[in-house]
Amino acid sequence: MTPAVLADLVRSTASAVLTERGLDTAVLPERVTVERPRHPEHGDYATNLALQIGKRVGMAPRDLAKAIADRLAEADGVASAEVAGPGFLNVRLAAAAQGELVRRVLTAGERYGHGDAFAGVSINLEFVSANPTGPLHLGGTRWAAVGDVLGRVLAAQGAKVTREYYFNDAGAQIDRFVASLVAAAKGEPTPEDGYAGAYIAELAAEVLRQEPDVLSLPDEQRDETFRRLGVQLMFDEIKRSLHEFGTDFDVFFHEDSLHRSGAVAAVVDRLKSSNLLYHADGAWWIRSSEFGDDKDRVVIKSDGAPAYIAADIAYLENKLSRGFDLCIYMLGADHHGYVGRLKAAASALGSDPDVVEVMIGQMVNLVSGGQPVRMSKRAGTVVTMDDLVGAVGVDAARYELTRYSVDSPIDIDLDLLRKHSNENPVYYVQYAHARLASLLRNAAELGIELAEHAEGVDLGLLDHPREGDLIRTIGEFPTVVRRAAELREPHRIARYLEELASAYHKFYDACRVLPQGDEPATPLTAARLALCAAARQVLANGLGLLGVSAPERM
RNA sequence: GCCCUUGUAGCUCAGUGGAUAGAGCACUGCCCUCCGGAGGCAGGUGUCGCAGGUUCGAAUCCUGCCAAGGGCGCCA
């Protein structure tokens, strides 16, 4: 029996009790919450339903709980149901009913944990979107990991997810990038406000290699060549890093294309007649202050040039025209001021501001010896995605960056990570998987075959407390995935996997699976082997959602 | 000044109305002649930043205060 099935059973039982007494069943929540109590004495599962609705139907919570418990205890698969404390209802499942979950996992396979909470919902998920003026640094790396996992989680819940990266390849920062390349190619010092990393010199050299005569071109053509090739090379570099990091996008959208196509000018012209844009001081403003922004923002500057936000509006219009139900933006905390602007843009475009959802994540800081180190391109203290991956590998990097809430700032000490990379909890989880894989290999060598979907296996034999804990932990996975999607909190996956790995290690320590010496395989062997196969499947599914490998050996 | 986020064990962090607040790291001591010891067991650490409020019940919700980080450009 799954927690969801039990929840439905509790609900229908409560409904029958209320009806019997002529009480209103409308007070029942749509989804009854059934949770795993902290203490084993409180049963396998507990619900506070009677506490929630007792007063509203005029019954003492304990009396109501008692009435539900008495009836629930008679139900198939329920071993006992009792009232505790102020009105909690503690339930124990029959081992056979609980063990069925193992079969369910084995039958569902890779799809165990998938759900339909977002079935039919089309979501645009924009993340990273770092300027193409340099390699991805640690901040962008965090969003690459978190965004990718969120995308996988939403997709697992049935959403149609389009992962998108917005290249800001227009505007002043690109001009500075180009000027920096030109200076480097000419062997001149980096201009004021330019970019100074070693990668600039390398890019400049590559441009010179491809276009040896570029420096003798007229300035405008020369700059255009550096712009075209330099930006392209940087794009390729960023895409390569992301791909090696296990993060791929469906769409790389170029800001430049919005200007070239006239989309920016067109949408601004159209909006000038709406009441969300107004003319003042020679410029056009958007009333973003009505959507939580500090003040209104300039869309068209008094010199007639579009401000940055103008392209944002055109970009959102483009997204909306592609029919997304929801547009999620993942931004760093230093961009939280965007929230109001983007919502204002959605409203100006005639959409519900709620189609725009902005996730704000805290920063990634570099520390060394406990002291914060400011990343500076000029000082050469920028740590890139490639640096991090080079130090600890993709699995550890992704895991480290996704096991924390995005609301929590992350401090990264590269030296410490290198030195203590084995302390990363990812190894704890991966080890559990490798250990299971090894066990299943050993079983096969002993000639013990697990029947497909554990057919004919008596799963009711799994009545050891550690077995029960492991089964119930496995049973939580679908809820965890759903919650991670609904709350946009991918870190729940990693935290859950640590719990699952722990439950497995504890089970392994207490319960011998394979026969020893010349002992024959027993029905219990088969049942435990099935449980192991299910645990391995869930670990693999969870690691898959994180984009982290599930090793057979390590 | 205004806005956003955060404040939980020595450290890093989980825990968005439930029962005695958890995990990893760090410290101490145990546990395999046989399934992977990258594991398990045991030991103790808390004014959940502070003060009020809401209710059967608050780390969780509301208000105020304190502290930290970030943001408040006709830059992008």
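Lettering follows sequence order; numbering is per chain, from 1. Small disclaimer: the values here were computed from a predicted structure and weren't measured. Atoms considered below: every heavy atom in the structure, side chains included; atoms not considered: hydrogens, waters and symmetry mates.
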**Study point:** Shortest side-chain distance from Arg483(A), nucleotide among G71(B), C34(B), U16(B)
**Key:** U16(B)

**Study point:** Rounded distance in Å between the C1' positions of A26(B) and A19(B)
**Key:** 31 Å

**Study point:** Candidate nucleotides G18(B), A76(B), C41(B), ranked by approach to the side chain of Leu51(A) - the nearest
**Key:** G18(B)

Review point. Rounded to the nearest Å, what distance is computed from the CD1 atom of residue Ile412(A) to the C1' atom of nucleotide G69(B)?
Key: 17 Å

Check your understanding: Given G40(B), is OP1 or OP2 found less than 4.0 Å from the side-chain N or O atoms of Tyr428(A)?
Key -> yes

Exercise for review: Over 60° means perpendicular and under 30° means parallel, so classify the ring planes of His39(A) and His42(A), tilted if in between.
Suggested key: perpendicular

Review point. So, is Lys301(A) near the phosphate of C75(B), with a side-chain N or O under 4.0 Å from OP1 or OP2?
Key: yes

Review point. Would you call Arg260(A)-Asp256(A) a salt bridge at under 4.0 Å N-O?
Key: yes

Check your understanding: Within the structure shown, what part of the strands sits under 4.0 Å from Glu486(A) by heavy-atom distance: base, sugar-phosphate, or nothing?
Key -> nothing

Review point. Hey, is His335(A) stacking on G71(B)? Ring centres under 5.5 Å, planes under 30°.
Key: no

Point to revise | Shortest side-chain distance from Trp285(A), nucleotide among G36(B), U16(B), C74(B) | key: C74(B)

Point to revise | Sugar-phosphate, base or nothing in reach of His336(A), heavy atoms under 4.0 Å | key: base

Check your understanding: What class does the angle between the rings of Phe253(A) and Tyr166(A) fall in, given that below 30° is parallel, 30 to 60° is tilted and above 60° is perpendicular?
Key -> tilted

Exercise for review: For Asn168(A), report the nucleic acid contact type (base, sugar-phosphate, nothing); a contact means any heavy atom under 4.0 Å.
Suggested key: nothing

Point to revise | Other residues, nucleotides, ligands: >12 heavy atoms within 6.0 Å of Arg512(A) CZ | key: yes

Check your understanding: What is the ring orientation for Phe507(A) with Tyr504(A), classed by angle as parallel under 30°, tilted 30 to 60°, or perpendicular over 60°?
Key -> tilted

Practice item. Could you tell me whether Glu126(A) and Lys319(A) have a side-chain N and a carboxylate O separated by less than 4.0 Å? Key: yes

Check your understanding: Looking just at side-chain N and O atoms, do Gln173(A) and Asn168(A) make a donor-acceptor pair shorter than 3.5 Å?
Key -> no

Review point. Across the strands shown, which category fits Arg403(A) at heavy-atom distances under 4.0 angstrom: base, sugar-phosphate, nothing?
Key: nothing

Practice item. Identify whether any heavy atom of Asp169(A) sits under 4.0 Å from a base atom; if not, whether one sits that close to sugar-phosphate; answer base, sugar-phosphate or nothing. Key: nothing

Review point. Does OP1 or OP2 of G73(B) have a side-chain N or O of Lys295(A) closer than 4.0 Å?
Key: yes

Review point. Using a cut-off of 4.0 Å on non-hydrogen atoms, how would the nucleic acid contact of Pro425(A) be classed: base, sugar-phosphate, or nothing?
Key: nothing

Study note, to complete from the structure: Taking a pair to mean Watson-Crick or G-U wobble geometry with both distances below 3.5 Å, C61(B) pairs with G53(B)

Review point. How does protein reach along nucleotides 27-32 of chain B, written 5' to 3' as B (base within reach of a heavy atom under 4.0 Å), S (only sugar-phosphate), or - (no contact)?
Key: ------

Check your understanding: Do Asp293(A) and Arg287(A) sit within salt-bridge range, that is, some charged N less than 4.0 Å from a carboxylate O?
Key -> no

Exercise for review: Ignoring hydrogens and angles, answer whether the base of A76(B) and the side-chain atoms of Asp312(A) contain a donor-acceptor pair closer than 3.5 Å.
Suggested key: no

Review point. With a non-hydrogen cut-off below 4.0 angstrom, is Ser405(A) in contact with a base, only sugar-phosphate, or nothing?
Key: sugar-phosphate

Revision key, fill the gap. Ranking G36(B), A76(B), G18(B) by distance to the side chain of Ala307(A), first place goes to A76(B)

Review point. Does a side-chain N-to-carboxylate-O contact under 4.0 Å join Lys66(A) and Asp63(A)?
Key: no

Check your understanding: With a 4.0 Å cut-off on heavy atoms, is Leu439(A) in touch with a base, just the backbone sugar-phosphate, or nothing at all?
Key -> base

Check your understanding: Just to confirm, is there a sub-4.0 Å distance from OP1 or OP2 of G22(B) to any side-chain nitrogen or oxygen of Arg38(A)?
Key -> yes

Review point. At under 4.0 Å between heavy atoms, what does Ile300(A) touch on the DNA or RNA strands: base, sugar-phosphate, or nothing?
Key: nothing

Exercise for review: Using a 4.0 Å heavy-atom cut-off across all strands, classify Arg341(A) as base, sugar-phosphate, or nothing.
Suggested key: base

Study note, to complete from the structure: From OH of Tyr404(A) across to P of U6(B) the rounded distance in Å is 17 Å

Review point. Quick one: which of G36(B), G18(B), U5(B) gets closest to the side chain of Ala434(A)?
Key: G36(B)

Check your understanding: OP1, OP2 of A19(B) versus side-chain N and O of Asn48(A): anything below 4.0 Å?
Key -> no

Review point. If only side-chain N and O atoms of Arg512(A) are considered, is one of them under 4.0 Å from the OP1 or OP2 phosphate oxygen of C35(B)?
Key: no

Review point. Do we see a donor-acceptor contact under 3.5 Å between the side chains of Tyr278(A) and Asp296(A)?
Key: yes

Point to revise | Phosphate OP1/OP2 of C41(B): any Lys506(A) side-chain N/O under 4.0 Å | key: yes

Exercise for review: Give Asp294(A) one of three labels, base, sugar-phosphate or nothing, depending on what nucleic acid heavy atoms sit under 4.0 Å from its own.
Suggested key: base

Review point. Under 4.0 angstrom, heavy atoms only, what part of the nucleic acid is Tyr508(A) near: base, sugar-phosphate, or nothing?
Key: base

Point to revise | Donor-acceptor pair present, Tyr338(A) side chain and A76(B) base, under 3.5 Å | key: yes

Review point. How would you label the contact of Cys511(A) with the nucleic acid (heavy atoms, under 4.0 Å): base, sugar-phosphate, or nothing?
Key: base

Check your understanding: Which nucleotide in the set C74(B), G36(B), C35(B) lies at the smallest distance from any side-chain heavy atom of Val513(A)?
Key -> C35(B)

Check your understanding: Under the 3.5 Å rule, do the base of C13(B) and the side chain of Ser408(A) count as making a donor-acceptor pair?
Key -> no

Review point. Contact class for Met554(A) (heavy atom, under 4.0 Å): base, sugar-phosphate, or nothing?
Key: base

Point to revise | Residue met sooner reading RNA chain B from 5', once Glu255(A) and Ala46(A) are mapped to nucleotides | key: Ala46(A)

**Study point:** C41(B) to C25(B) separation - P atoms, rounded to the nearest Å
**Key:** 12 Å

Check your understanding: Is Asp334(A) side chain donor-acceptor paired with the G70(B) base, going by distance under 3.5 Å alone?
Key -> no

